[in-house]
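What you see is a predicted model, and the numbers here were worked out from it, not measured in a lab. Below, chains carry the letters A, B, ... as their sequence lines are ordered, and counting in each starts from 1.
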Protein chains: 2
Amino acid sequence: MNLAQFANTIGLSASTVSRALNGYADVSAETRRRVEVAAERLGYRASAVGRRLRTGRAEAIGFLLAPPRGSSVNFFQLEMLAGIDEALRATDYHLVVITAKSEQDEFDCLRRMVEQRQVEAVLLCRTRRTDERIIWLLRRHYPFAAVGRSETPEPFPFLDIDHAASARMACERLIGLGHRRIALVNTPAALMYSAHARQGYEQALLAAGLRRSRALVLHAEMTEAAGQAAVCALLARSAPPTALICGDDVLALGALRALEAAGMQAGRDVAVIGCGDIPMARFATPPLTTFRAPFRAAGQRVTEMLVQTLAGKPAAGLQEIWTPELVVRASDGGARGMQ
Amino acid sequence: MNLAQFANTIGLSASTVSRALNGYADVSAETRRRVEVAAERLGYRASAVGRRLRTGRAEAIGFLLAPPRGSSVNFFQLEMLAGIDEALRATDYHLVVITAKSEQDEFDCLRRMVEQRQVEAVLLCRTRRTDERIIWLLRRHYPFAAVGRSETPEPFPFLDIDHAASARMACERLIGLGHRRIALVNTPAALMYSAHARQGYEQALLAAGLRRSRALVLHAEMTEAAGQAAVCALLARSAPPTALICGDDVLALGALRALEAAGMQAGRDVAVIGCGDIPMARFATPPLTTFRAPFRAAGQRVTEMLVQTLAGKPAAGLQEIWTPELVVRASDGGARGMQ
DNA sequence: CTCTACTCCAAAATCGATTCTGTTGACAAC
DNA sequence: GTTGTCAACAGAATCGATTTTGGAGTAGAG
């Protein structure tokens, strides 16, 4: 059922029908009612494609799912997805999900989406220190928002979880528990939040008067196996660390395995603190002390920010940093007798 | 950059440019090359919206994410999402994700998507015994494919995991371990796979010569809390079951909690077998014996099936049932000494 | 009565592609 | 010389909406 056909069957012109359905003022109340009733009865719905062509709006935003880095798909992205969709329901945008295999492929997908104007704006996550995607989008003045920051000087709308804060809090907590040899098992160095975690970690060491040489940072791919391997290497040192801060829970899970393999017990022999509070964290042995951030709410909020960006609000006012919350369980050995 | 503008700047007509880029034969090789080079240099890309309007193809398929039933978003849907997207990459369709809050809302979202022709076909999961969505899509002859079956008589393309088989295998295994009072803590009765699980369970009981009155089935919402509550009620009976088959790992996790609360140990006092092999299953205490199905591959395959449906292949040839694989861990008590 | 203002609807242009139908010129066949 | 065929391109219609412009009818002011 066409607009033309529909207008014809109810004896009105296409323009009047369109204006009636879109709430224009120069349509009499009676006519509008008649059109609405007929549309409902005959099941007429304006074609989205026709409307989009005419208005030039894609009515969609794209969410670029980060390519699986090692392990399987990420927990936090699904949470974000739910939040994004929830926020989008209040608008007339719908959601196009874009996933890619590799980082190069990811960029190509983004380009294609944008250049073909499939989406009016995009949502990014897993930002990198120098992020090709962000640089490209900024240069083209294409609207976007990101979960995570980047080192590009131009401002853009973002919502980030404060991983400097979580690493600092983790480090302070471990120092408070008496640890002096604290290692940071960090996520890949190219990721922006990896750098933040390192900053927070080093700040806390400095603030506690520990010499800079005490800093012990290494990077691992985001898989349990990589975390395990990294921690194995750490334990083989002459003076192994007594505490581990992990940039991601997956790495922490690997750390737990490495400790177990070495006959040690997390929380007693070596303290472990993770980051992310993935569902498995609660079930690890020992249960993982970690940091939690509300990713669903973050997805919701960053979507609102994107919508405001599309409405013309400048990026400077659309930058938020949320502080994650410490979830104390057993792996850091600090809750003994408390639970 | 328009088709018209682009054609103009390179001194050709719009139709010739379009035919050149779309591989028509009545364009000389030299002209085609010239157009392609210019398109690359000037960054011309045909607008997807214009093309869609003209060709009448939405070039997109929709994936209806099941509304979160109780707990947070489902693990298996994200795996499917990855598989779907992977399969779609081989085609020119892209993916529109639709999520909904409730089942009623879900149906409305589907209707809107379909009636506005936003997508050419849809992918469903979490099918129900009588599934409003499937009935509606069938009646409209709208192409779709589902992960999961339904009781509607008309055939449609589906890929299902054989939950009758997994329940039967679970039950046989428990009987083999000497259990006689085996309960099925099942997912909500409206779900199709819930009914299949029940069938498999009852078949196994019958085959083992256990009287039908031995069957003990109850349903719970898909949350840990609901599973815990259900199992608490079971344990309070005069002759509590010695083994539990859970329709979903989340329920099994709840069962584990209920046992712990009752001072019992899963795998020793009561055997527990789950279903799904969610990431947490491995980390439960004791680690959960459960069934695993390759959901990523399933997403990939069901997408291929949908594409074939769009190509006109009849539904009868597009129905697959995959058998899940038992993952033996400790919660069923059958692996003692084996690991 | 005439002029202006206003309400309500219709006609036509427009968005950006694809595709059907012509048109031109070259060349061969008769 | 005429006709027919073919390659290679151009023109115009079309998809389904929105939006600008125009126009008929009515009412009120002078």
Side-chain angles (χ1 to χ4, degrees), chain A residues 1-39 42-60 92-94 112-120, chain B residues 1-39 42-60 92-94 112-120:
Chain A
M1 169 77 61
N2 243 346
L3 171 59
Q5 291 168 17
F6 174 62
N8 211 273
T9 62
I10 64 172
L12 283 170
S13 77
S15 60
T16 300
V17 169
S18 174
R19 301 177 72 77
L21 291 175
N22 289 336
Y24 280 68
D26 64 348
V27 176
S28 75
E30 192 212 356
T31 303
R32 189 190 308 280
R33 164 87 43 204
R34 190 152 63 92
V35 170
E36 284 167 354
V37 169
L42 300 177
Y44 169 73
R45 279 250 174 79
S47 144
V49 181
R51 178 169 8 95
R52 283 184 206 148
L53 177 57
R54 173 62 226 217
T55 61
R57 297 190 39 210
E59 297 176 342
D92 59 352
Y93 293 102
H94 65 263
R112 214 179 36 231
M113 268 301 165
V114 168
E115 286 183 344
Q116 294 191 170
R117 281 147 292 175
Q118 308 259 29
V119 295
E120 283 178 48
Chain B
M1 169 76 61
N2 243 346
L3 170 59
Q5 292 168 18
F6 173 61
N8 210 272
T9 61
I10 64 173
L12 282 171
S13 77
S15 59
T16 299
V17 170
S18 174
R19 300 177 71 79
L21 291 175
N22 289 336
Y24 280 68
D26 63 348
V27 176
S28 76
E30 191 212 356
T31 304
R32 190 191 309 280
R33 164 88 42 207
R34 188 152 64 93
V35 170
E36 283 166 353
V37 168
L42 300 176
Y44 169 73
R45 278 253 173 79
S47 146
V49 181
R51 176 166 14 93
R52 282 184 207 150
L53 177 58
R54 173 62 226 218
T55 61
R57 298 192 38 210
E59 297 177 342
D92 59 351
Y93 293 101
H94 66 262
R112 215 177 38 231
M113 267 301 163
V114 168
E115 285 183 345
Q116 295 190 171
R117 282 147 290 176
Q118 308 260 29
V119 294
E120 282 179 48

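The residue B:Arg45 sits close only to the backbone: its heavy atoms come under 4.0 Å of sugar-phosphate atoms, none of a base. B:Tyr44 comes within contact range of the sugar-phosphate backbone alone, with a heavy-atom separation under 4.0 Å but no base atom that close. Heavy atoms of B:Ser18 sit under 4.0 angstrom from at least one base atom.
Put simply, CZ on A:Arg52 is 19 Å from C1' on D:dT19, counting in whole angstrom units. Taking atom CZ of residue B:Arg57 and atom P of nucleotide C:dA17, one finds them 17 Å apart after rounding to whole Å. Atom CD of A:Glu30 is separated from atom P of C:dT7 by 17 Å (rounded to the nearest Å). Rounded to an integer number of Å, the gap from B:Arg51 CZ to D:dC15 C1' is 14 Å. Atom CZ in A:Arg54 sits about 16 Å away from atom P in C:dA12, given to the nearest Å. Atom-to-atom, CZ of B:Arg32 to C1' of D:dC9 comes out at 13 Å; the value is rounded to the nearest Å. For the pair A:Asn8 CG and D:dG16 P, the computed distance is 14 Å after rounding to whole Å. Distance A:Gln5 CD to D:dA17 P: 9 Å, rounded to the nearest Å.
In the set C:dG16, C:dT19, D:dA17, C:dT19 carries the atom at the smallest distance from any side-chain atom of B:Thr55. Distance from the side chain of A:Leu12 is smallest for C:dC9 among the nucleotides C:dT18, C:dC9, D:dA10.
A heavy-atom distance below 4.5 Å is found between the side chains of A:Asp26 and A:Arg19. In this structure, A:Tyr44 and A:Leu3 have side chains that are in contact, with non-hydrogen atoms separated by less than 4.5 Å.
For the residue pair B:Arg32 and B:Val27, the shortest heavy atom distance occurs at NH2-O, 3.6 Å. In plain terms, the two heavy atoms of A:Ala58 and A:Arg117 that are nearest each other are CB-O, 3.7 Å. Looking at every heavy atom in both residues, A:Ala46 comes nearest to B:Gln116 through O-CG, 4.3 Å. In this structure, A:Gly50 and A:Ser47 approach most closely via the heavy-atom pair N-OG, 3.1 Å.
For C:dA10, its base sits under 3.5 Å from the side chain of A:Ser15 at one donor and acceptor pair at least. Judged by distance alone with a 3.5 Å cut-off, no donor-acceptor contact links the side chain of B:Ser28 to the base of D:dA8.
Geometrically, B:Arg57 engages B:Tyr93 in a cation-pi contact, judged by NZ or CZ lying under 6.0 Å from the ring centre and within 45° of the ring axis. Stacking of A:Arg45 on the aromatic ring of A:Phe6 is not recorded, the 6.0 Å distance cut-off and the 45° axial limit not both being met.
When the side-chain nitrogen and oxygen atoms of A:Asn2 are compared with OP1 and OP2 of D:dC15, none of them lie within a distance under 4.0 Å. Contact annotation: A:Ser13 side-chain N/O to C:dC9 OP1/OP2 distance is not under 4.0 Å.
Comparing B:Arg117 and B:Ala29 along DNA chain D, the residue whose closest nucleotide (by nearest heavy atom) sits nearer the 5' end is B:Ala29.
Within residues 19-27 of chain A, the residues having any heavy atom under 4.0 Å from DNA chain D are, by residue number, A:Arg19, A:Asn22, A:Tyr24.
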